[in-house]
Protein chains: 2
Amino acid sequence: MTVIFSKKCEYGLQAVLYLSTLEAGAMASADEISKKLDIPKEFVSKILQSLTAKKLVKSKKGNSGGFYLGKAAAKIKLIEIVEAIDGLALFNNCVLGFPDCSPGNPCPVHNKWGKLRNSAYNMLTSETLEQFKKKSIAKINKIIRK
Amino acid sequence: MTVIFSKKCEYGLQAVLYLSTLEAGAMASADEISKKLDIPKEFVSKILQSLTAKKLVKSKKGNSGGFYLGKAAAKIKLIEIVEAIDGLALFNNCVLGFPDCSPGNPCPVHNKWGKLRNSAYNMLTSETLEQFKKKSIAKINKIIRK
DNA sequence: ATTTAATCAGATAAATTAATCTGATTAAAT
DNA sequence: ATTTAATCAGATTAATTTATCTGATTAAAT
């Protein structure tokens, strides 16, 4: 294995980045998102449902319904999605799995990992979806559906 | 979830760090390791078996047998354990799960993650088990078995 | 020789995560 | 009104990871 985020979280992040590229007022169906990102439709649908429950995403039922961001892209940070899906354990637990890792009882890589973890946290908090928009559009447009 | 290393890998790293704290010529049984690190005996046994197959660890069968490092602690780096158990996908795959993430086709956090990933790699390659020895001893001695 | 305590090997079980399926509800469009 | 296409909800299945069990082999100690 070796993973930072669960598949659920990866898909959630991708889907939310996708929603952030839509023009104001537009929405995207689970089917559209699934096709554009090449991820299982029912799975992305479930994930967005859970994000809907947490107000990060909104949905509209019925014909021509779909999902859209729960608030302005300029007000959403990736960490919110991560927290909603995977939680913040990554930023609290010992990277080597030792119990009670802390400054007073550090594992062999405690300090190094601490710095890294802060950088990771920063990566997820310093920019908003709005600031990622250009890059998101570029990346999503290059995904080739198998 | 949200994990860097699998449980298997965490336990493997802990066990190898434990072996590195033994005095020259000594070995430790799966039972001893299990008790000292508070991890399931059969599991750590299996993991060390797989590391034995890869020559990172050696074992001696029979009464008063056990496991010991396959080479000098000064010649083993954490990355070798990680590679043997989890592989190096962490250092190759996109952190957001996008396909074909590369400088020419980057995801929104590609550059930031690239730097982080290098630091993580460095954390696992810059020091040997020998250099971690003091810290390993200190940490292991503070583990309280439940 | 026998006992004991260890690794080793393979099967199995349990738990978690990932993915899919089915049916109900909702609402726009015809 | 009916059809159609969407979310929603919950159940189910599949896959993977984590953990345990059983028995065989090995070798030191008595």
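If you're wondering where the values come from, they're calculated on a predicted model, not measured in any experiment. All chains are named by letter (A, B, ...) in the order of the sequence lines, taking the proteins before the strands, and each is independently numbered beginning at 1.
Counting to the nearest Å, the C1' atom of dA19(D) and the CD atom of E10(B) are 15 Å from each other. If you measure from atom CD1 of I85(B) to atom P of dT17(D), you get 13 Å, rounded to the nearest angstrom. One can place CD1 of I47(B) at 11 Å from C1' of dT17(D), the figure rounded to the nearest angstrom. The CG-P distance, from L48(B) to dA6(C), rounds to 15 Å in whole Å. Straight-line distance from the OH atom of Y68(B) to the C1' atom of dT7(C): 12 Å, rounded to whole Å. Following rounding to the nearest Å, K7(B) (NZ) and dA14(C) (C1') show an atom-to-atom distance of 16 Å. Rounded to whole Å, atom P of dA6(C) lies 12 Å from atom NZ of K60(B). Remark: P of dA19(C) and CG of L37(A) are 14 Å apart, rounded to the nearest angstrom.
The hydrophobic cluster containing M27(A) also includes Y68(A), under a criterion of side-chain heavy atoms closer than 4.5 Å among ILVMFWY residues, counted directly or through chains of members.
Taking NZ of K35(B) as the start and CD of E32(B) as the end, the distance is 9.5 Å to the nearest 0.5 Å. If you take CG on N111(A) and NZ on K115(A), they are separated by 6.5 Å, rounding to the nearest 0.5 Å. Once rounded to the nearest 0.5 Å, the distance linking CG of L13(A) with NZ of K8(A) reads 13.5 Å. Here the NE2 atom belonging to H110(B) is positioned 10.0 Å from the NZ atom belonging to K135(A), to the nearest 0.5 angstrom.
If A28(B) and S64(A) are placed on DNA chain C by their nearest nucleotide, the residue sitting closer to the 5' end is A28(B).
Looking at heavy atoms from C-beta onward, N93(A) lies out of side-chain contact with C101(A) at the 4.5 angstrom threshold. Residues L129(A) and L78(A) form a side-chain contact, since some pair of their non-hydrogen atoms from C-beta on lies under 4.5 Å apart.
Atom NZ of K75(A) is surrounded by 12 or fewer heavy atoms from other residues, nucleotides or ligands within 6.0 Å.
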What would the secondary structure line of DNA chain D be in dot-bracket form, counting Watson-Crick and G-U wobble pairs under 3.5 Å, with [ ] for pairs that cross earlier ones and | for pairs with another strand?
-> ||||||||||||||||||||||||||||||
Reading nucleotides 20-26 of chain C 5' to 3', which nucleotides get B (base under 4.0 Å from a protein heavy atom), which S (sugar-phosphate only), which -?
-> BB----B
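In this structure, the side chain of D38(A) does not engage the main chain of S34(A) through any donor-acceptor pair within 3.5 Å.
Distances were taken from every side-chain heavy atom of A30(A) (C-beta onward) to each of dA18(C), dA28(C), dT7(D); the shortest belongs to dT7(D).
Applying the 4.0 Å criterion to OP1 and OP2 of dT18(D), one finds that Y11(B) has every side-chain N and O outside that range.
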